[in-house]
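Below is one structure, written out as structure tokens; comments come after it.
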Amino acid sequence: MTQAPSRYILHIAVPRPLRTLFSYSYANVSAPLLGTRVLIPLGKQSAVGLVIRAEIAPPETADSPFTLKPVEALLDTTPLPDAHLLELLHWAARYYHHPVGEVIFSALPVALRKPKPLSSRLQKLLGRYEAPTLAPIERNHLQLTDEQQQCLHSIEQWNLQAPLRPILLHGITGSGKTEIYLRLIAPLFAAGKQVLVIVPEIGLTPQLLLRFAHFFGDTPMACLHSALSDGERMKAWLQARSGEARIIIGTRSAIFTPAPNLALIVIDEEHDASLKQQEGFRYHARDLAIKRAQMLNIPIVMGTATPSLESLYNADTARFHYVRLNQRPGTTRKPDLQIQDTRPFELQAGLTPHSLQAIRTTLARGEQVMVFLNRRGFAPALYCPSCGWQASCQHCSVKMTWHARRNKLVCHHCGAEQATPLRCPQCQNPQLTTQGQGTERLELALQTHFPAAVVVRIDRDSTSRKGELEAKLATVRSNDPLILVGTQMLAKGHDFPNLTLVIILDIDQSLLSTDYRALERLGQLLIQVAGRAGRADKAGRVILQTSQPDHPMLHQLVGHGYTPFARQLLEDRKRWHFPPFGYQALIRASSTASMEKALQFLEQISQLLIVTDGADIQRLGPIPALLEKRANRYRAQLLLGSQHRAALHAALLQLLNPSVKLPGRSGIRWSVDVDPIDFS
DNA sequence: AGCACGCCGACT
DNA sequence: GTCGGCGTGCTC
């Protein structure tokens, strides 16, 4: 009979930006479970770490490189992330080249970073679950259309086949994608299964949530989004982990929620940029969801009206199943899209005479109008007409936006605020002028132009207080002839049944941008916004105002629709070996001292990569970032590309190897972004 | 990330 | 003569 070992070496993930695990000794007859937290000595302090691996200590460890410190205490009796989730987190740490400990701890509720045993929390939190009390009114209420029925049938059939493939559900706005999700989810509850639904980061999660609550009645749901307090988050997380919550609905970080009986993942708006985390651990929730589903061998459905080029390509190459919903139940016609050349006209309130006339007739019919302008504030510039001075941010390389209601200059990049100067700081001219327009000015101008109409503005400034957005939405629902002014916030998730005219302003910047993803995003935004027009039984009309009316891609989009537009963009991507035809990683560096310092640092990295992987890695840069200075830091970037993911991966590993010393690092902050989508 | 160690400027 | 500035390096 073998004797039970009495000493273990534990490999621990520590909450530090370190790319290795640390080893500690642990003396006991049995090792702690993998995925449990332990209290460990780390430097001069003690810290909470997570057990990743345990091995029996060899009898003699004299030749070990360190004398291992002993673990101070065990904190949990059951694993926090289960084996599957740990594997996913590990995979993500490697894929995104981010320190394991940070990956793991960013996936757990913050409350678990403190060395408190879980058991005391469990007692406080469980048993207080309040299920939504709404009755299941929709369950047998809405009949699926033939198209929806067929779509549902296809998905159900695919999900019975092995091997499973992710499903791209491409459904135009209003075609009833949510209805499909609901029907896919419903049969899973009988077997005690759980479902994870990931939605974009918007203040509108409640709308989908309400829909789910209506449909599923008292089925326990857990909701995880950025507005939750630590306690609420912890509670939702525990309910998911215990299997009690059957539907887990949340924004991108919810992809890391433990769910022992997970049977389906739904990604809503799979093209949405907010699914990618843009700082620290820069993961893409959709891509991790695909990985998670693959590891668990469960189905994943991704819905969108405007598929990302990546997903469309995956559908084209049969990595994904692909199904379309082309009809809007209850609507006869698609919205009529037209391009308005702004150049021949003198604009009033930023609108062409044609647009103003369209607003007038729409209001006269008792219907609603939406004017979309993706720029908040009153005016994007304040300048002096006599000497040319412009108000610019002291910390960033941008002009400050003037906000009329607050009478302040605000930097939309670092948040700095400044009182409006009474006279030009350069030439003392008291007559300062604004240039360009934001939603605040648009609201005022439209109110002046249509004094009898109700004008409602929805943007970050007008909805920052709690309940304000809901109140504004209620106004929109209860007033018939009405003008709605707003930003990006209006593009997603809302139903405005009486909205029949949408006017989109100021898309020129996106048409002319150097960012190769700008056109894709513009196309998605235009289709999403246009989708707001003409719900129910009324035909919609969409006017795009631009000074670039001959832009070929705009014609492609308006004339042929999103899919041909996207395929055209894919052709360009193919020619340049850009994603999805090649793989990229973006190295960002910033310096408080100078742009030169940041560029020099990246140049070193670039040289390092020539020597090692020159043949397989293309380098673009280093160049100053689009936003050259932000919050007092000069920003530069180096884009790495390769047709072989493995080559890119190897290059990053090499670069991040702790033995690689990069001199001149002082004052430099730098980071790696795998599969970057934001180049600002 | 923290935290300590380590050399250079203005103070009780 | 010291207090403290943050540059540099380490954490099993």
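What you see is a predicted model, and the numbers here were worked out from it, not measured in a lab. Naming convention: chains lettered A, B, ... in sequence-line order (proteins, then strands); numbering from 1 in each chain.
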Expressed as a whole number of angstroms, how long is the span from [X]:[atom1] to [N]:[atom2]?
| X | N | atom1 | atom2 | answer |
| --- | --- | --- | --- | --- |
| Lys597(A) | dG7(C) | NZ | P | 11 Å |
| Arg19(A) | dT11(C) | CZ | P | 17 Å |
| Leu42(A) | dC12(C) | CG | P | 5 Å |
| Leu68(A) | dT11(C) | CG | P | 13 Å |
| Lys69(A) | dC12(C) | NZ | C1' | 7 Å |
| Glu72(A) | dT11(C) | CD | P | 17 Å |
| Arg669(A) | dC6(C) | CZ | P | 14 Å |

Item to complete: With Leu75(A) as reference, evaluate Val51(A), Leu112(A), Val48(A) under the side chain to side chain contact (heavy atoms under 4.5 Å, CB included) test and give the passing residue.
Response: Val48(A)
Item to complete: Indicate the ring-plane relationship of Phe679(A) and Tyr516(A), choosing parallel, tilted or perpendicular according to the 30° and 60° boundaries.
Response: tilted
Discussion item. Would you call the rings of Tyr24(A) and Phe22(A) parallel, tilted or perpendicular, taking 30° and 60° as the class edges?
Written reply: tilted
Practice prompt. Verify, without hydrogens or angle tests, whether Ser229(A) (side chain) and Glu232(A) (backbone) share a donor-acceptor contact under 3.5 angstrom.
Written response: yes
Discussion item. How about CD on Gln509(A), more than 12 heavy atoms from neighbouring residues, nucleotides or ligands closer than 6.0 Å, or not?
Written reply: no
Worksheet item: Nucleotide by nucleotide, 5' to 3', does protein get under 4.0 Å of the base (B), only the sugar-phosphate (S), or neither (-) in nucleotides 1-6 of chain B, counting heavy atoms?
Response: BSSS--
Item to complete: For the residue pair His98(A) and Arg282(A), establish whether any side-chain heavy-atom pair is separated by less than 4.5 Å.
Response: no
